[in-house]
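Reviewing the structure listed below.
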2 protein chains.
Amino acid sequence: MINQYTFCNLKTEGIAAMKARVDQDPKGRKTVHDACDTPCAIERGMRVIGGKWTGSILWHLKDGPVRFNDLARMIGGASKKMITERLRQLQAQGLVTRQVMDTAPVSVQYEITEFGRTALGFLEELRLWSESLPAELIPAQEARRSTGRA
Amino acid sequence: MINQYTFCNLKTEGIAAMKARVDQDPKGRKTVHDACDTPCAIERGMRVIGGKWTGSILWHLKDGPVRFNDLARMIGGASKKMITERLRQLQAQGLVTRQVMDTAPVSVQYEITEFGRTALGFLEELRLWSESLPAELIPAQEARRSTGRA
DNA sequence: CGGCATCCACACGGATACTG
DNA sequence: CAGTATCCGTGTGGATGCCG
């Protein structure tokens, strides 16, 4: 009978791994201890860099500051709206900085912060892993149907 | 005029460290070279393990087979529907296996495959990174409003 | 127990137009 | 150039019920 599991915890004090468990009382009812009180670290991390395009954006900034439209150009498939949205989010989280250059016409530069760079390691790993994936199992990026508006 | 992007192409031949560049021709028009091959790997990877709860599920299977309901219990916050859905997806992608045990009542065991394990590496990295994040910037998991139905 | 079916509220995100 | 505003189809995913 399976009644003992380990899974992710938020407290990293003892690091190693506090073990979350599913226990069974005499009556057979189960309770979880130290479950993912909050969404797991995994989930929480995903909320930060797992947004659509978020990873790509961050990734594109790794080689230096990039201007808005260039960024949009690089990430083919993402609308300006999305780029803006995600950039704002990343900015609010301190992963990138936004700097308006005093030129005409205006130009805005986005740059990854030191903090943002700490995420690149993981992204690199993800990239390597992804590239080893058989193409068939990648869920096709479906084209949304047009809104029908002129 | 937007008419030339290379993105999400699945050719992974040259990969290595292709730098995406935005070039400008004499007339000031810009073109992108080697745009998304690399970054899109990020996006593609996200499509596979970036789904809601997907990472958590995989993560929770790392220590051994787990039964459906126990899995659901562990991942507090996810509905059975989601768990099922994601499990099916993971199964179709060969990251987990599903095995119906011959017991009464039925019990079903999910187990991570060797292939699935290859993803644990960066999930671990993600976990470490996430745990270092200040709690404030984690987008709260908003509670959906009830459907109003009885 | 381990689901599937249904219903439905949103949130997401593309398209488009407009602005300084 | 670098957005903002708006409109709206569509996907996502929680809630609930039923079933073998």
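If you check D/dG13, C/dG2, C/dG13 against the side chain of B/R86, the one that comes closest is D/dG13. With C/dG13, D/dA2, C/dG3 as the candidates, the nucleotide lying closest to the side chain of B/K80 is C/dG3. Set against D/dG3, C/dG2, C/dG14, the side chain of A/M82 has C/dG14 as its closest nucleotide. Ranking C/dG14, C/dG3, D/dG3 by closeness to the A/W53 side chain, first place goes to C/dG14. Nearest to the side-chain atoms of A/Y110 among the listed nucleotides D/dG3, D/dG13, C/dG2 stands D/dG3. For A/F68, counting side-chain heavy atoms from C-beta on, the closest listed nucleotide (D/dG3, C/dG2, C/dG14) is D/dG3.
An end-to-end axis angle of 50° holds for the helix from C/dC1-D/dG20 to C/dG20-D/dC1, taken from five base pairs per end and rounded to 10°.
Atoms CD (A/Q109) and C1' (D/dC1) sit 14 Å apart, rounded to a whole Å. For the pair A/L71 CG and D/dC1 C1', the computed distance is 14 Å after rounding to whole Å. What separates NZ of B/K52 from P of D/dG11 is a distance of 18 Å, to the nearest Å. If you measure from atom CZ of B/R47 to atom C1' of D/dG11, you get 13 Å, rounded to the nearest angstrom. The nearest whole Å value for the distance from the CG atom in B/L87 to the P atom in C/dC4 is 10 Å. Whole-Å rounding puts the B/I75 CD1 to D/dG14 P distance at 12 Å. The distance from atom CD of B/Q89 to atom P of C/dC4 is 14 Å, rounded to the nearest whole Å. The distance between atom CE of B/M101 and atom C1' of C/dC1, rounded to the nearest whole Å, is 13 Å.
Exactly one residue among A/H60, A/R86, A/M82 makes a side-chain contact (heavy atoms from CB on, under 4.5 Å) with A/I75. That residue is A/H60.
Taking 4.0 angstrom as the limit, B/R67 places none of its side-chain polar atoms (N or O) nearer than this to OP1 or OP2 of C/dC1. Applying the 4.0 Å criterion to OP1 and OP2 of D/dC1, one finds that A/R73 has a side-chain N or O inside that range.
Each of A/E85 and B/R88 was assigned the nucleotide of DNA chain C with the nearest heavy atom; the assignment lying further toward the 5' end belongs to B/R88. For the pair A/K81 and A/S107, nearest-nucleotide mapping onto DNA chain D gives the more 5' position to A/S107.
The closest donor-acceptor contact from the side chain of B/E43 to the backbone of A/W53 lies under 3.5 Å. For the pair A/T113 (side chain) and A/L95 (backbone), a donor-acceptor distance under 3.5 Å is present. For the pair A/S130 (side chain) and A/L126 (backbone), a donor-acceptor distance under 3.5 Å is present.
Looking only at side-chain heavy atoms (C-beta outward), A/E124 and A/W59 come within less than 4.5 Å of each other.
Salt bridge absent: B/E85 and B/R88 never bring a charged side-chain N and a carboxylate O closer than 4.0 Å.
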Given the rule in the side-chain contact (heavy atoms from CB on, under 4.5 Å) test, do B/Q91 and B/T97 qualify, once you have shown the distances and angles that lead to the verdict? CA-CA 6 Å; B/Q91 190 189 348; B/T97 56; over 6 Å; no

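Between A/F122 and B/W129, the ring center distance fails the sub-6.0 Å criterion.
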